[in-house]
Engineer: 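Here you go, one structure.
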Amino acid sequence: MAQTYDHQVVEAKWQAHWEQTGLFQVKEDATTPKYYCLEMFPYPSGRIHMGHVRVYAIGDVIARYKTMRGFHVLHPMGWDAFGLPAENAAIEKGVHPNAWTQENVAYMKKQLRRMGLSYDWDREVNTSQPDYYRWNQWIFLKMVERGLAYRKRSAVNWCPSCETVLANEQVLAQEGKDGGVCWRCESVVIQKELEQWFFRITQYAQELLDGCDRLTSWPARVLAMQRHWIGRSQGVGIDFPVAEPRDDLTAIRIFTTRPDTIYGATFMSLAPESPLVEQLIAGRACAETVRAFVERVSRLDKATRTAADREKEGVFTGAYAINPFTQERIPIWVANFVLYEYGTGAIMAVPAHDQRDFEFAKHYNIPIRLVIQNPDETLATDALDAAYEEQEQAGVLVNSGTFTGLSVPDAKQAMGEYVEAQGWGKRTINFRLRDWGISRQRYWGTPIPMLYCGHCGIVPVPENQLPVLLPEDVPFTGKGGSPLKESPSFAKATCPTCGGTARRESDTMDTFVDSSWYFLRYCSPQDTNQPVNPHAAQHWMAVDQYVGGIEHAVLHLLYARFFTKVLRDLGLTKVDEPFVHLLTQGMVTKETYWCEEHRWVLPSDTIKEDGQRLCGQCRKVIVTGRTEKMSKSKKNIASPEDLCDRYGADTARLFSLFAAPPEKDLEWSDTGVEGCSRFLNRVWRLVQEQLPVFREVNDQPISQESALLADLQRATHHTIQKVTHDLERDFQFNTAIAALMELVNQLYKSMKDYPMNALTADERGGWRSAIETLLILLAPFAPHLAEELWNTAGHVTSIARQPWPLFNPDLVVSTEWTIPIQVNGKLRSKISVPAGSTKDQIIASAQSDTKLIEWLQDKTPRKVIYVEQKLVNFVM
RNA sequence: GCGAGAGUGGCGGAAUGGCAGACGCGCAAGACUUAGGAUCUUGUGGGUAACCGUGGGGGUUCAAGUCCCCCCUCUCGCACCA
C-alpha cells in the first residue's frame, strides 16, 4: 500500500520553497504579453473566512493558469486597512487602531500564505500606512486645484447623547421609533449640518454612464446597478411666476420629465429644506405651522425619510404660483417626498398622471385634472383610483390648449421647445448621482490635508509637507466630535501663506478613497515620487480580470472608475476604465435552522424524528431551515484554519471551486469537502503506483500501435480540451475540475485493464505523458499536490512554470463512433460504426439494427435527418 | 413598483437546438479486512410495465432544459429622483 498524502508537510514545504525562490515575483517584461489579475483586497478584520478562501482561490487559479499560458502575470495583494472596526476595538478594548490593524494584517497574511496563493508579496500595500495614504492626500490636493474637491455644508447623522457623528452603519433601525437609533446608546439619531469635503464625481456623470456601454465583460446586473445609480434623466426646467412676488422671489423653477402633463398641474410642491419656503411664508399666519412641519421632517435620517412606503404629507405655504401655460393660480405646498438635492427641489404636481401627486391630492383634497387620455379605455377623473402614468404605448393629450391631440412623445418634444421659445425655461438633463461626500469625523483614516487660517481662509497643505501624519496622542472614547480635534500636537499648525497660526482639518477621508486607486499603486508600489509611475501603469493597466463580491457593485466600482478618469486627466495613466473583465463571485452559505428558543442551530445540532426536525436541545419542532450567509451570529461558520489543518489548502481551494460555478452562491458541505479530499488522494495514489513504471523512461516518440496508448492519449487530450475550454470561457472551474476527475477515473480503469508488469517501453512513456499532463492541468487548482508529484517524478523546475499543454484534435479521434438513433425525435437505439463511416453507411447500419426493426417496421421513413457524427433521426 | 437573475434526481450541480441528469455528495449491494467512518468494484431520475420526466400552459422545429409568447414561484439589487 502506498503511503498516504501528508498535506501538512507537503504544503508547508512548497510554500517555503516558492517564497525562497521568488517564484511569483514579476517584472515588466517586453517579451511576453502581460496579464493583470486582481482580487479585491481584504479589510484586516482579524481572520480570513470562507468568502476570502473562495475569492482568492478563484483569482489564484486564473493567475496560475495565465502564467502557464505564457503571460507574465501581475497578481498582487494588500490591505484595505483603514476603517471603523479598528477604532471600535480601540474604544472597546483599549488597543491602538494601528496596533490592532497591524496585528490582524500579520495574522491574516500568514493565513493567506497557507493557502498557497501566487502573490508577489513584494508589491504588498497597506492603505493605513503613510507611504500609501500620503498619495491620497496628494491626489486630494490635485483635485482641490482642479475644482474637483470642494467644501459645502451637509447633513450628518448625529447622536445627541454621545455627542458624536455616526456612520450610516452605526445607525440602526428600531421598531416603534420613527427614525434610526445610535448603535451604542439607542438614542434617536438626528441630522446635523457640518461643513464637509466633496468630490465632484458628477462632473464625470456622463462619461461614467457612457463607459458602461463599453464594459461588455461585466455582469449585466452590475452595469444595470451602475446605470441606475448614475440615473440620467431628460426633462425641462420651467419657471412658474410667483403670484405675489416677495422681494427678489419672482418665479420658482421646477424640473419635470413630463412637460406634456403641464395643463394638469394643480399645485406645486417644494422640498422642506428649500430656502424658498422661508421666503414664501415669512409674515404669514401659517408660518409657524409650516416651520414646525419642516423641522419635524428634516430631523429624520435619510433612510427613514425617503422610505417609499412613507405616508405623503405636506402643508400649504399660503402662496400661489402661476402656471405659465394656463395662467392659472396654483397653491404652493411643502411636501415630505420632494427631495431638495434632486432637480431644483421644486416640482409641479400633476395628480392625474403621477402616483405620488395623486395620493397627495386625494389626502388634501386638491383638484385632479386629466390631461392625458387613454385611447383604449376612456378614463374619467372622478373614477380614477390611481394616476395614469403610461407614457410609451398610448396616451393622447386632452384639455391642453393648442397641444390637445398630440401623442405623449410628440407633446414632450413640442412643449419643451415651446418653453424655450417663450423664455420660460430650458430643457435639461438631471442625474441622480450626487457628489461624493468624503469627510468622516473619525480617527482611523487619511487626514484631509487642509488648513484653516484666520487670515487666509482655507489653505491647502503644501505638497512638500505631505504626508500629514495621523497623530498617536489621541484618546479613544467614542464620545465627542472628531477624535483628531483632541490631539494637541495635530490641531495647531502654521499657515504656509502668512505664517500665522492655523487650525488643521480634523476630518479624515472616507475609506472608499483608499480603494479607489490601489490597483494603480500595485504597478509601482514603492515609488516615492508619485502615486503611480506612468510607465508602470502603461505597462500593466488595465486590470484584465477583477474578482470580488457583488456588494461592491455600485460604490467601490463606481468610485474606482471615477478615480481612474481623474488620474488619467492628471496624466498618470492612459486607460479610461480600470477593469476589463469583472467576475462577481457568490457568497458562501451554510444550511442553518431557526429554533425559537435557541436561535440559529446547525444541522448537526438537530434531530430528525418522524419526518420532523427537532432542535437538539429543547426538542421543539423547527420550522425554518434555510441556507444563510456564514456569520458568527448564525453559528454557521466553517473555519478556513480548521479546514487547512484537517484537509489542507488544496482541498479547501478545490472544494470552493468545485461545489458551484464561481458567480453563484456556494453552499457549504462537509461531505463535499471530503469528496474533494478523496479525489486528491486518488491522484496521489495513482501517481505513486505508476511511479516505478515511468520513472526511468524518458519521453520518446510513440511509434507502436497499442490500445492502451490510444486510450491514454484520447483521455488526456479530451481533458486538455475540456479544461482549457472551461477556463477560457468564463472560468467554469466546477466543470473543469469535473473533467479532471473523469480523467483520473479513466486512468484508474486503464491501470486495472492493463497490468503494469506487461507494459512495453512505449506504453510506459504513454503513462508518463498521461500523468504529467494530468498534473499540469491540476496545478492551478491544487498547486501543492501537483508540485510535489511533479517533483517526485523527477522534475526540478516548478510545475507552475510549465507551459499549458496543447490539445491535439487528431489524438481524440476514436476508432469507432457511437451514434444515437432516434425515431420521430425519440431515442430508440444506439449503434456503433467504424470511424469515418459515411452518412449512407450509418443509415443503412441503423436500419438493420435489431432494436429499431419494430419501430421502423417495413415502412419507408418520410425523412431521415443525419447530423454529422452526432445522430440519426427517422421521421416516420 | 422598477431592474437583474434563477426554477433540472434525495442534495450541490452538468448539458455550441441533437443521447437530460456529466462530476461530486448521499444511498444500496459486494470485495478486501480483526475492524472500518480507509480503499476498491457495481448500481442508483420515476414507474411492475408500456411509458413518463427539466415550475405551469401554448407555439416554432425532424428534434426544445435550451428558441418564441403567456403565466406562476423564488432570490438579489434599487426604491417617493418628479
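Please read all numbers here as calculations on a predicted model, not as lab measurements. We name chains A, B, ... by the order of the sequence lines, and we start the count at 1 in each one.
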Engineer: Can you name the residues that form a side-chain contact (heavy atoms from CB on, under 4.5 Å) with A:Pro331, not counting sequence neighbours?
Structural biologist: A:Phe267, A:Phe316, A:Tyr320, A:Trp333
Engineer: Check every atom of B:C25, B:C80, B:C23 against the side chain of A:Arg356 and return the nucleotide holding the closest atom.
Structural biologist: B:C80
Engineer: State the pairing partner of B:U61; accept Watson-Crick or G-U wobble contacts with both distances under 3.5 Å, and report none otherwise.
Structural biologist: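 With both distances under 3.5 Å required, B:U61 matches none.
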Engineer: Under 3.5 Å for both donor-acceptor distances, Watson-Crick or wobble: does B:U16 have a partner, and if so which one?
Structural biologist: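 For B:U16, the partner nucleotide comes out as none, under the 3.5 Å rule.
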Engineer: Got a salt bridge between A:Arg227 and A:Asp213, using NZ or NE/NH1/NH2 to carboxylate O under 4.0 Å?
Structural biologist: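 Yes, this pair counts.
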Engineer: With sugar-phosphate meaning primed atoms plus P, OP1 and OP2, does A:Lys830 contact a base, only sugar-phosphate, or nothing at under 4.0 Å between heavy atoms?
Structural biologist: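 A:Lys830: base contact, heavy atoms under 4.0 Å.
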Engineer: Any ion pair linking A:Arg221 and A:Glu663 (charged N to carboxylate O, less than 4.0 Å)?
Structural biologist: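 Looking at A:Arg221 together with A:Glu663, the answer is no, because their closest N to O distance does not fall below 4.0 Å.
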Engineer: Do the side-chain N or O atoms of A:Asn873 get closer than 4.0 angstrom to the phosphate oxygens (OP1, OP2) of B:C19?
Structural biologist: no
Engineer: Where does B:G45 land, syn or anti, once you apply the within-90°-of-0 test for syn?
Structural biologist: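 You should classify B:G45 as anti.
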Engineer: Do any side-chain nitrogens or oxygens of A:Arg729 fall under 4.0 Å of OP1 or OP2 in B:U16?
Structural biologist: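 Negative; the distance criterion is not met.
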Engineer: Within the 4.0 Å heavy-atom criterion, would you say A:Glu742 contacts the bases, only the backbone, or no part of the nucleic acid?
Structural biologist: sugar-phosphate
Engineer: From the options B:A4, B:A82, B:C80, select the nucleotide whose nearest atom is closest to the side chain of A:Ala224.
Structural biologist: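 Closest nucleotide among those given: B:A4.
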Engineer: Using a heavy-atom cut-off of 4.0 Å across all strands, would you classify A:Gly675 as base, sugar-phosphate, or nothing?
Structural biologist: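 Sugar-phosphate contact only.
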Engineer: Measure the spacing between CE of A:Met348 and CZ of A:Phe255 and express it to the nearest 0.5 Å.
Structural biologist: 10.5 Å
Engineer: Return the value, rounded to whole Å, for the distance between atom CG of A:Leu557 and atom P of B:A4.
Structural biologist: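 One finds 19 Å between P of B:A4 and CG of A:Leu557, rounded.
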Engineer: So which nucleotide does B:U48 pair with, by the Watson-Crick or G-U wobble rule with both distances under 3.5 Å?
Structural biologist: none
Engineer: Specify the separation, in whole Å, of atom CH2 of A:Trp668 and atom P of B:G13.
Structural biologist: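 Atom-to-atom, A:Trp668 to B:G13, this comes out as 15 Å.
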Engineer: Tell me the interatomic distance from A:Arg434, atom CZ, to B:A79, atom P, rounded to whole angstroms.
Structural biologist: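 So the CZ-P distance, A:Arg434 to B:A79, works out to 11 Å.
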Engineer: If you check the A:Lys870 side chain, which of B:C80, B:A82, B:U16 turns out closest?
Structural biologist: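 Nearest to the side-chain atoms of A:Lys870, counting from C-beta on, is B:U16.
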Engineer: Which nucleotide, if any, forms a Watson-Crick or G-U wobble pair with B:C27, using both distances under 3.5 Å?
Structural biologist: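 WC or wobble partner is B:G43.
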Engineer: Using 30° and 60° as the class boundaries, would you call the ring planes of A:His552 and A:His556 parallel, tilted or perpendicular?
Structural biologist: perpendicular
Engineer: Let's see if you can work this out: which of B:G12, B:G18, B:C81 has an atom nearest to the side-chain heavy atoms of A:Leu339?
Structural biologist: B:C81
Engineer: Name the pairing partner of B:G3, where a pair is Watson-Crick or G-U wobble with both distances under 3.5 Å, or state none.
Structural biologist: B:C76
